[in-house]
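Here the structure is laid out as structure tokens; the discussion comes afterwards.
Each chain gets a letter, A, B and so on, in the order the sequences are listed, and its residues count up from 1. Note that the structure is predicted; figures quoted are calculated from it, not measured.
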Amino acid sequence: MPELPEVETTLRGVAPHIVGQIIDRLTVHNGSLRWPVTEGISEITKGQQIVAITRRAKYLLVELERGSMMIHLGMSGSLRLVDRKTERRKHDHIEMQLANGVCLRYHDPRRFGAWLWSDNGYPQLNHLGPEPLTDEFTGKRLFELSRKRKIAVKPFIMDNQTVVGVGNIYASEALFRGAIRPDRQAGRISLQRYELLAGHIKDVLASAIAQGGTTLRDFVNGNGEPGYFQQTLMVYGRGGQPCVHCGKALKDIRLGQRSSVFCLTCQR
DNA sequence: CTTTCAGCCTGACGGC
DNA sequence: TGCCGTCAGGCTGAAA
């Protein structure tokens, strides 16, 4: 489900309720996720205190006294805080009961997500690009990394080595705001245009986070409150509908297996 | 090296 | 009503 704003919204919703708490019991109902849930995770985590929860790219990192858990929501995952008496729903694969009575449930119909424990770091985090909302991420970086690259700009900005956390929705929206065709070769875009694009990526992510994340399908944040950023999407999911600027029908093409909606007139 | 592509899963939706 | 194909927010590993 989530793009970065949804993960960030989940983090913010969940953190105040779980940090500092002791794990009474972690139960794995279905450990068959993208990678098998760490063998013995229930025994390892029992009685440990949650020291902190942070985010790197779309990975949530739950720091324990010994080691950490890394959670990814994949395409359809979500975390919810419920009372422990609340009945489990279908696809609630993992639940973590805390000493304060709160229960964190991991729900993921497609099971593309992950829930791992390690005291030795995670290789998935090794080659990630910068966080988009930091000064490490700039138009200059996009320009320099893209020289001589033939890849289309949309998959280029969605590549986690370029910058993390830019998924299909926000890539589409940022390119529209930057007036760049998603299928334009990454290596043929000027520094000036990349500087504008980087700014749009930051704006679109920051405003989505500010609004509490996009509600799509089964997304709910950690408090069970839906976000509502979808109301301001200008191209994503609007193929065939009129462009908000010029009124012409938006084009829908596929790039790297992903649908890409854009305006033939406004984006070049 | 860069780029593309199949695959991991379930569920929703549209066409017949 | 059901069956079938297509599509969906991500990411990996292998092939080209």
Side-chain angles (χ1 to χ4, degrees), chain A residues 1-11 29-37 55-60 70-79 89-94 106-116 122-129 132 144-174 182-188 201 204-205 208-209 211-221 226-233 235-240 252-261:
Chain A
M1 65 161 315
E3 294 213 15
L4 185 135
E6 288 75 20
V7 178
E8 181 66 25
T9 300
T10 298
L11 167 66
H29 299 286
N30 183 350
S32 175
L33 304 182
R34 162 172 281 287
W35 302 288
V37 172
R55 177 186 62 73
R56 175 71 174 110
K58 294 172 189 163
Y59 297 96
L60 291 170
M70 186 175 81
I71 301 169
H72 196 288
L73 302 177
M75 292 272 261
S76 58
S78 59
L79 292 175
R89 297 175 299 173
K90 192 177 182 185
H91 305 303
D92 279 350
H93 304 309
I94 301 174
Y106 173 82
H107 179 85
D108 186 4
R110 292 175 75 180
R111 290 189 279 118
F112 285 2
W115 188 312
L116 300 170
Y122 296 95
Q124 292 89 341
L125 307 181
N126 283 351
H127 301 289
L128 294 174
E144 288 173 353
L145 275 183
S146 63
R147 290 312 87 184
K148 305 200 173 166
R149 298 282 300 274
K150 289 189 172 173
I151 189 175
V153 62
K154 181 158 169 277
F156 172 67
I157 60 173
M158 291 175 67
D159 183 338
N160 277 335
Q161 301 201 34
T162 304
V163 57
V164 302
V166 182
N168 201 30
I169 296 178
Y170 301 109
S172 302
E173 295 301 313
D183 58 353
R184 171 171 284 276
Q185 277 188 24
R188 290 202 194 159
I201 289 171
V204 86
L205 290 173
I209 290 169
Q211 291 178 53
T214 304
T215 302
L216 287 166
R217 307 230 165 142
D218 54 357
F219 175 75
V220 289
N221 71 24
Y228 45 86
F229 188 62
Q230 62 179 348
Q231 291 168 3
T232 66
L233 298 179
V235 286
Y236 178 81
R238 296 194 62 241
D252 193 351
I253 62 170
R254 295 193 76 76
L255 275 179
Q257 329 289 92
R258 305 303 214 101
S259 95
S260 304
V261 182

Name the closest nucleotide to the [X] side chain, picking from [options].
{"X": "A:Lys58", "options": "B:dT10, C:dC7, C:dG10", "value": "C:dG10"}
{"X": "A:Met158", "options": "B:dT10, C:dG10, C:dT12", "value": "C:dG10"}
{"X": "A:His91", "options": "C:dT12, B:dT10, C:dA8", "value": "B:dT10"}

Report which part of the nucleic acid A:Tyr59 touches: base, sugar-phosphate, or nothing (heavy-atom distance under 4.0 Å, all strands).
sugar-phosphate
Does the ring of A:Phe112 lie flat against the base of B:dC8, closer than 5.5 Å centre to centre with planes under 30°?
yes
Mind calculating the distance between [atom1] ([X]) and [atom2] ([N]) to the nearest angstrom?
{"X": "A:Glu3", "N": "C:dA8", "atom1": "CD", "atom2": "C1'", "answer": "12 Å"}
{"X": "A:Arg110", "N": "B:dA12", "atom1": "CZ", "atom2": "P", "answer": "12 Å"}
{"X": "A:Arg147", "N": "B:dT2", "atom1": "CZ", "atom2": "C1'", "answer": "16 Å"}
{"X": "A:Asn168", "N": "C:dG10", "atom1": "CG", "atom2": "P", "answer": "6 Å"}
{"X": "A:His72", "N": "B:dC9", "atom1": "NE2", "atom2": "C1'", "answer": "15 Å"}
{"X": "A:His93", "N": "B:dC8", "atom1": "NE2", "atom2": "P", "answer": "17 Å"}
{"X": "A:Asp159", "N": "C:dC11", "atom1": "CG", "atom2": "P", "answer": "11 Å"}
{"X": "A:His107", "N": "B:dC9", "atom1": "NE2", "atom2": "P", "answer": "17 Å"}

Does the B:dC9 base have a donor-acceptor partner in the side chain of A:Arg111 within less than 3.5 Å?
no
Sequence-distant partners of [X], side chain to side chain donor-acceptor pair (under 3.5 Å), two or more places apart:
{"X": "A:Ser259", "result": "none"}
{"X": "A:Asp92", "result": "A:His107"}
{"X": "A:Arg55", "result": "A:Glu8, A:Glu131"}
{"X": "A:Ser172", "result": "none"}

Residue pair A:Leu125 / A:Met70, side-chain heavy-atom distance below 4.5 Å:
yes
For residues A:Leu79 and A:Leu60, determine if any side-chain heavy atom of one lies less than 4.5 Å from a side-chain heavy atom of the other.
yes
side-chain contact (heavy atoms from CB on, under 4.5 Å) filter on A:Phe112, not counting sequence neighbours, yields A:Met75, A:Arg110
Taking side-chain contact (heavy atoms from CB on, under 4.5 Å) as the test, write out the residues that go with A:His72, two or more places apart.
A:Lys58, A:Tyr59, A:Ala114
Could you go through residues 152-165 of chain A and list every donor-acceptor pair under 3.5 Å that involves a side-chain atom there, pairing it with any protein atom two or more places apart or in another chain?
| residue | atom | partner | partner atom | Å |
| --- | --- | --- | --- | --- |
| A:Lys154 | NZ | A:Asn168 | OD1 | 2.6 |
| A:Lys154 | NZ | A:Ser260 | OG | 2.8 |
| A:Asp159 | OD1 | A:Gln161 | N | 2.8 |
| A:Thr162 | OG1 | A:Phe156 | O | 2.9 |

Between [N] and [X], is there an OP1 or OP2 to side-chain N/O distance shorter than 4.0 Å?
{"X": "A:Lys90", "N": "B:dG11", "result": "yes"}
{"X": "A:Arg258", "N": "C:dG10", "result": "yes"}
{"X": "A:Ser259", "N": "C:dA8", "result": "yes"}
{"X": "A:Asn160", "N": "C:dC11", "result": "yes"}

Stems with DNA chain B, 3 or more Watson-Crick or G-U pairs in a row (under 3.5 Å), are B:2-8 with C:10-16, B:10-16 with C:2-8
Taking atom P in both B:dC9 and C:dC3, what distance in whole Å separates the two?
23 Å
N/O to N/O distances under 3.5 Å, protein versus nucleotides 4-7 of chain B:
none

Keeping A:Glu3 on the side-chain end and A:Ile169 on the backbone end, is there a donor-acceptor pair under 3.5 Å?
yes
